[in-house]
Amino acid sequence: MSKLGTNLIKPSQNEFMDRKANESVEFPPLTIHMEQIKSVLLLLNSEEDLVLVNVLKHLTEYVRKNDENVALLKEHNVLEFMRHKRFYRHSQNVIIRRFALYLTNHILENMNRLTDLNSLVTLDILKECQTYYLSEEDDVCLEYLIVIICRCLDDPKMAKELLNEFKFIEMLLEQFSISNNPDVILNSMKLMEHILEVIDYDEMQEFVSIKQFPARQILCHLSSEFGDLRKAALSLLAILMCKVNLEAGPFSQDSLRIAVLKELSCMITSNRSMPENHLILDVLAMAVRNKPMARIFFQHNLFQQFMTSFDKNFLDLEDMCQALKVISEIAAYWEYATDLAEAGVIDKFLKCLVGDERIPALHILKGLNRMLTNSYVVNEVLDLEEGNILVEKLLGLITNVDVSLQIREEAANILLKMLKLAFYTIAKQLEKLKIPESLAIVFGQDGIYQSIDLLLSLLNVVEIFSGYAEYGEYICENDAMIKNLAVLLMNSFSSAILVNHIYCCLGTIVNVQTVRQILLNNYIGSSIIRALKSLSNSVKSSVCNFIIKTSHYGEFLCEYLDHGILEILITHQKHAFCVPNWSTAMESILSKTPTMKFCIRNHLSFTDLTKGHDFYVSKKNFDDFRTFQNILKEEVSPLQPILVVNFDRTVAPQESVVRIPVNCFTPEECQGLINPEEWCYCRTPGDMGLPQLLAELHRKLAACDFNGTEQHLHCTMSFIDFKTIDKKVKIISETVARALSTNLPALDLHGTECSQHAVECHLKDLAKELHCNFIPLGRIKIGCQFERAVLFKALADQVGLPCTLTRSVDGRILYNEIAMPMKIEHDIHCEVNTLKFLPRNMLRPTHVVDLMYNIGEIYPLQSSQAIKYLRL
């Protein structure tokens, strides 16, 4: 029998190992210290929310410490990574979305969006944020999204893309209207402001016309307890008042207009200590710039409230000047001038303009300019204490280059307006202040310190001064002003309107001798040539007017003849068909130079007088007048004889006599000379014969009871005695025939005998005697039709008989025409009493004068006698 040991009996166990429980134990957290940004950025791909939160938080704290740290993130393309991850829109963890948007916003804020970002990248960020915004419910994320969208709108193209997303715009306006989060409201207003700043006018009108546009909500935030919200609302409202058409859109309703004005007025009157008070005044000024808004401002007694608050609150000079912005805009409407004057705003404008040594604000000058509506207001300004130094203040602003051009322009406008309304009072003050010196300073300043409006106002000042006889010469006393004006003209051809006004201004002062000389010395001729060749018809018209005004001055006439100005007027006529006074300018020069007019036109009319001129007529007919003009300029004798008519020069002037050196003669030429040194010639010879002929003619006219001098006076005044004109023609013709018929047989109108050969020999003898082909008409003793016609015209002009001088088509002969009443029944236009009172330029030639055959006879035009006379 076997024994069982006690160790064979095992006790029962009540505890067992739970393997399942051991398997479900959580993995302990792992903390790793990383020093490389690349390793940190790798964790952004993690799917663990806790990892993403810590990494994004770490990056956020890193960029918050210093803005320069953003450069490292940009270097590692963190923005591109965030864009690739779509800013973790898929994450359910709102903290991750917030950190991602904040980090993106911070990177965008510290980079140049226009240069550092490609347009496609910016557009992709904008599209993603739009999509994100439509489905996001977290206020913080909405705030960051709006800020990022604002950053993208730095590129104007993005604003247009944004406006095409109508759902986003609706969502934005709806969120703004219903949100209670101040940050979301603030950034929404900033986004709307950003949109309005970059879109054009039509897009802006379309944007504000959206039904959901929160105009009233914007007004509600004007009274917000948060200063940033008030400022944002005011900035947004300023754009709406300034750029949006208030006749359409949300502000077309009077109720909303009234609400805007009342809210702004209440903000000014109720709380003077608001830090954004200046911004409120700016917005109110922009609002009343609109005429319906200004009407409401007065109808609802808001103007009186504003002025009451004005007198109480704006006691400081700087604050008062700032508040005058509103008054300055209202002053643009004449119907409120009485209310403004009764409120004493003129005194306030003057205090801000004169009472402060600093440069005044632009709106002060604009307001005062608008208030100066008539002479009574100007006199009221001058009666005030500040009015005594107003002119000096304005003149100082005009000449100061440190002042903005807009302020200088307004100062010049005020000075010009005051000068027009109270000339003598202002002119005396300007005379004391030496206005010509100030004008010289402005006209001589560099182009960057000048503007067209400033110069136009000052040119008008010069014109007004020159319009008064007692100040006409004073305004031209400063030579520097005239010189700078001439230089300004040369440099101003980029602006047609400025060139036009300069020529008009010069035309008013050119009657002063010193002005003409200074202009000629400063290349006015070159400026005229450039203006005549301008592409602008207005410039050509203005310079033609200037030529018309100045052509009767001898020095300008020489400039026009000698420097190619007449040549341009003649050769460029086909390019000036739109310039109505081009031909008038050309005729104004030609009418003062019968020599060139006859060379060009081959005709002198009743109004073209040879008296008082050196009249040169060439025996040769020139196709191009410039050839004859060059002959007159050359220092040698021409090949063809040129007849010289001058009654006032009996002896050749010594300065015009050209002496021939002895070494220029051939031995044969020297043999016949008693004194070779006396051989000389003159292109402007003296003439003792013409004065003698004229004296003889006056005696004959006096013997017949015709006083030549009185007759010339009557002729100048356009009163012509046609009853005795045929007798005067007979007397002058006989005088001409007697003077030019020496050794010349009488000729018959029906014969064929010609004495032209004798005339040519006589002229050659005279040329040999004078050593020159410039032959004085009084020295000629033998002459045919050519010489007689010239002498007849010269004597007729001296005694006041209206006649013409015409060259035939072939150029060989000249003839004279006169105007006589025609005996035609029932034709009142040809009666003596009608023609007697006609001006010379309205007379028409009717008869030809016979100077060769039947001396003194007159033949009607187109008659057989006239045709026979002219064919010879």
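Only this structure's heavy atoms are used, side chains among them; waters, hydrogens and symmetry mates stay out. These numbers come from a predicted model, not from an experiment.
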* Asp797/Lys793 ion pair, N-O < 4.0 Å -> yes
* Asked: Phe556 vs Tyr560 aromatic rings, parallel, tilted or perpendicular, using cut-offs 30° and 60°?
  -> tilted
* How about Phe625 and Met596: do any of their side-chain heavy atoms sit closer than 4.5 Å? -> yes
* Minimum heavy-atom distance Arg807-Lys619, with the two atoms named -> NH1-O, 3.9 Å
* **Close aromatic pair by centroid cut-off 6.0 Å: Tyr616 and Phe774** => yes
* Charged N to carboxylate O under 4.0 angstrom, Glu734 versus Lys700? -> no
* Asked: Heavy atoms, side chains only, cut-off 4.5 Å: are Glu857 and Gln865 in contact?
  -> no
* Asked: Does the side chain of Asp608 come under 3.5 Å of the side chain of Ser605 through a donor N or O and an acceptor N or O?
  -> yes
* **From Ser542, Ser536, Ser534, residue fulfilling side-chain hydrogen bond (donor to acceptor under 3.5 Å, both in side chains) relative to Ser538** => Ser536
* **Distance-minimising heavy-atom pair for Leu770 and Ile775** => CD1-CA, 4.2 Å
* Please determine if Glu587 and Lys597 form a salt bridge, counting it only when a charged side-chain N lies under 4.0 Å from a carboxylate O. => yes
* Could you please spell out the steps behind the side chain to side chain contact (heavy atoms under 4.5 Å, CB included) verdict for Cys803 and Val849? => CA-CA 9 Å; Cys803 76; Val849 181; over 6 Å; no
* Asked: How many angstroms lie between atom CZ of Phe615 and atom CG of Leu643, to the nearest 0.5 angstrom?
  -> 9.0 Å
* To do: Please check if atom NZ in Lys633 has more than 12 non-hydrogen atoms from other residues, nucleotides or ligands closer than 6.0 Å.
  => yes
* Asked: Taking only residues at least two apart or on different chains, which pairs with a member in residues 639-653 satisfy side chain to side chain donor-acceptor pair (under 3.5 Å)?
  -> Asp614-Asn646, Asp614-Arg649
* Go through the steps for His603 and Phe598 under the test side chain to side chain contact (heavy atoms under 4.5 Å, CB included), then give the verdict. => CA-CA 5 Å; His603 175 78; Phe598 189 71; 5.5 Å; no
* Asked: Among side-chain atoms of Gln513 and Arg516, is any donor-acceptor pair under 3.5 angstrom?
  -> yes
* Can you name the residues that form a ring pair (Phe, Tyr, Trp, His ring centres under 6.0 Å) with Tyr553, not counting sequence neighbours? -> none
* Can you tell me if Thr595 and Thr593 form a side-chain donor-acceptor pair at under 3.5 Å? -> no
* Would you say Gln862 has more than 12 foreign heavy atoms packed within less than 6.0 Å of its CD? -> no
* Do the ring planes of Phe546 and Tyr503 sit parallel (below 30°), tilted (30 to 60°) or perpendicular (above 60°)? -> tilted
* Asked: If we only count heavy atoms from C-beta on, is the Leu639 to Ile631 side-chain gap below 4.5 Å?
  -> no
* To do: On the 0 to 90° scale, with breaks at 30° and 60°, tag the Tyr869-Tyr853 ring pair as parallel, tilted or perpendicular.
  => perpendicular
* **Minimum side-chain heavy-atom gap Leu814-Gln785 below 4.5 Å** => no
* Residues Lys764 and Glu760 bridged, charged N to O under 4.0 Å -> no
* **Worked verdict on Ser741 versus Arg788 for side-chain hydrogen bond (donor to acceptor under 3.5 Å, both in side chains)** => CA-CA 10 Å; Ser741 297; Arg788 296 186 183 199; 2.9 Å; yes
* Using a 4.5 Å cut-off on heavy atoms from C-beta on, say whether the side chain of Thr846 contacts that of Leu861. => no
* Please examine the side chains of Leu693 and Leu697, heavy atoms only from C-beta on, and report whether any two atoms are closer than 4.5 Å. => no
